[in-house]
Amino acid sequence: MSSPNPLPVVFLDDGGVLNDNELRAPQWRRFVGEFMPRHLGGTPEGWAEANRAQFPRLWAEIQPRMATFASHADYQREYDLSWIGLMCSHVGVPAPEESEARRIATAAADYITARAESAYPDAVSAIRMLAEAGFQLHTASGTRSFELENILNGMRLRDCFGQLSGPDLVDTMKAGPEYYRRVFARAGVESARAIVIDDSEQACGWAKETGAVAIRLDREGRSLGAEVAPDLATAARWLIDSFGGRTG
């Protein structure tokens, strides 16, 4: 009989860890331009410009309120309706009624995340290295699980991951330690066995509040030190060197 895996369980963020949000943003604009005209009219150029102009406005308004939403479902409803409504106003087309607006917003996210390619150069090899060494890998992202499924399929890494959280799977925002408690519980992992890799100092702090270890990625190398790595490859090598590889 084999013994339980003695290695810690690794939970990874997406944007800033696996994928470069700076590369992702212009692709979102392009694919919004492809997707929206066939559903709501207008031109590809108009929709791309609407997303460029209106998303920062939406994010600046909603991001500071993340922790105030009672559930992820409440947040997603407001986000979807605001995103579609602001862009429709910019393009000059009527906004659809609520259920249709939400259907289109979800379908757009599915369409775009299945096509955008923004992986960091070291991400695929680092994840493969961790998986081959025997580490269990899950996500702990603010991105919804179906989008993460698309993203990891596009990176050819879905087979390396187990649970794809996803605030939708735990119905709470990634806005405090409760998010991590629910993610760890859903994965059946005690917080003391969890290692979180995230680019956000605040998120790392929330993970630590639960008793987990956190490694912050600082790809600009602004404040490297304890529990901070310049890239995912460095973090992966540290984990393997610290905890050893596959034991059988």
Side-chain angles (χ1 to χ4, degrees), residues 13-69 72-121 123 139 141-155 164 166-168 173-175 198-200 202-203 217 219-220 222:
D13 187 29
D14 173 40
V17 174
L18 298 174
N19 283 274
D20 185 343
N21 287 329
E22 294 298 316
L23 292 178
R24 180 177 276 164
Q27 294 184 56
W28 263 80
R29 292 194 289 270
R30 176 163 62 88
F31 289 124
V32 164
E34 284 185 7
F35 181 86
M36 289 297 183
R38 68 188 73 165
H39 295 272
L40 292 170
T43 67
E45 296 78 13
W47 283 104
E49 174 58 20
N51 192 66
R52 185 203 65 77
Q54 298 302 328
F55 174 76
R57 174 183 170 186
L58 167 59
W59 191 245
E61 193 282 325
I62 205 169
Q63 195 274 337
R65 297 192 288 114
M66 290 288 198
T68 69
F69 288 95
H72 174 261
D74 289 345
Y75 160 82
Q76 196 65 54
R77 175 182 178 275
E78 180 172 330
Y79 178 92
D80 288 348
L81 295 177
S82 296
W83 185 55
I84 294 295
L86 285 168
M87 288 198 299
C88 284
S89 178
H90 189 103
V91 172
V93 299
E97 53 87 22
E98 179 173 329
S99 62
E100 180 66 2
R102 297 206 63 193
R103 183 194 69 78
I104 291 171
T106 301
D110 188 40
Y111 179 88
I112 295 164
T113 54
R115 289 162 175 78
E117 297 180 356
S118 57
Y120 285 108
T139 61
S141 172
T143 301
R144 287 173 291 181
S145 57
F146 75 88
E147 297 177 71
L148 292 168
E149 190 90 32
N150 287 340
I151 291 164
L152 291 174
N153 280 332
M155 296 173 73
L164 302 184
D168 55 313
M173 300 304 297
K174 187 178 177 181
D198 203 291
D199 65 310
S200 164
Q202 188 175 45
L217 293 195
R219 291 181 178 274
E220 297 182 8
R222 291 166 294 189

- Query: Can you find a pair of side-chain heavy atoms, one from T68 and one from Y75, that are under 4.5 Å apart?
  - Reply: no
Identify each donor-acceptor pair in which a side-chain atom of residues 104-111 lies under 3.5 Å from a protein atom, sequence neighbours left out, and give them as a table.
unit_1 : atom_1 : unit_2 : atom_2 : d
T106   : OG1    : R102   : O      : 3.0
D110   : OD1    : N150   : ND2    : 2.8
Y111   : OH     : E34    : OE1    : 2.7

Expected list for residues 43-51: side-chain donor-acceptor pairs under 3.5 angstrom, two or more places apart:
unit_1 : atom_1 : unit_2 : atom_2 : d
T43    : OG1    : G46    : N      : 2.9
W47    : NE1    : G41    : O      : 2.6
E49    : OE1    : R52    : NE     : 2.9
E49    : OE2    : R52    : NE     : 3.2
E49    : OE2    : R52    : NH2    : 2.6
N51    : OD1    : W83    : NE1    : 2.9

- Message: Restricting to non-hydrogen atoms, name the atom on G166 and the atom on T139 that form the minimum distance, rounded to 0.1 Å.
- Response: N-OG1, 4.4 Å
- Query: Distance from H72 atom NE2 to R77 atom CZ, nearest 0.5 Å?
  - Reply: 14.0 Å
- Tell me, do E149 and N153 make a side-chain contact under 4.5 Å, heavy atoms counted? yes
- Message: Looking at every heavy atom in both C88 and A95, which two are closest together, and how far apart are they?
- Response: SG-CA, 3.8 Å
- Message: Between R219 and D20 (salt bridge meaning N to carboxylate O under 4.0 Å), is one present in this structure?
- Response: no
- Message: If I compare all heavy atoms of P167 with all of T143, which pair ends up nearest, and what's the gap?
- Response: CD-O, 3.5 Å
- Message: Side chains of Q27 and R24: any donor to acceptor distance under 3.5 Å?
- Response: no
- V32 side chain near M87 side chain, heavy-atom distance below 4.5 Å: yes
- Task: Taking only Lys NZ, Arg NE, NH1 and NH2, and the carboxylate oxygens of Asp or Glu, determine whether D80 and R103 approach each other closer than 4.0 Å.
- Result: no
- Query: Can you check whether E78's main-chain N or O pairs, donor with acceptor, with S82's side chain at less than 3.5 Å?
  - Reply: yes
- Message: Does anything in residues 82-95 form a salt bridge (Lys or Arg N to Asp or Glu O under 4.0 Å)? List the pairs, not counting sequence neighbours.
- Response: none
- Query: Taking all atoms of both residues into account, what is the closest heavy-atom pair of G33 and P37, and its distance?
  - Reply: O-CD, 3.0 Å
- Determine whether the side chains of D168 and S145 contain a donor N or O and an acceptor N or O closer than 3.5 Å. yes
- Note on the structure: Here the gap from D14 atom CG to N21 atom CG, rounded to the nearest 0.5 Å, amounts to 7.5 Å
- Do other residues, nucleotides or ligands put more than 12 heavy atoms under 6.0 Å from the CD atom of E117? no
- Query: Below 4.5 Å, heavy atoms only, C-beta onward: do K174 and D13 meet side chain to side chain?
  - Reply: yes
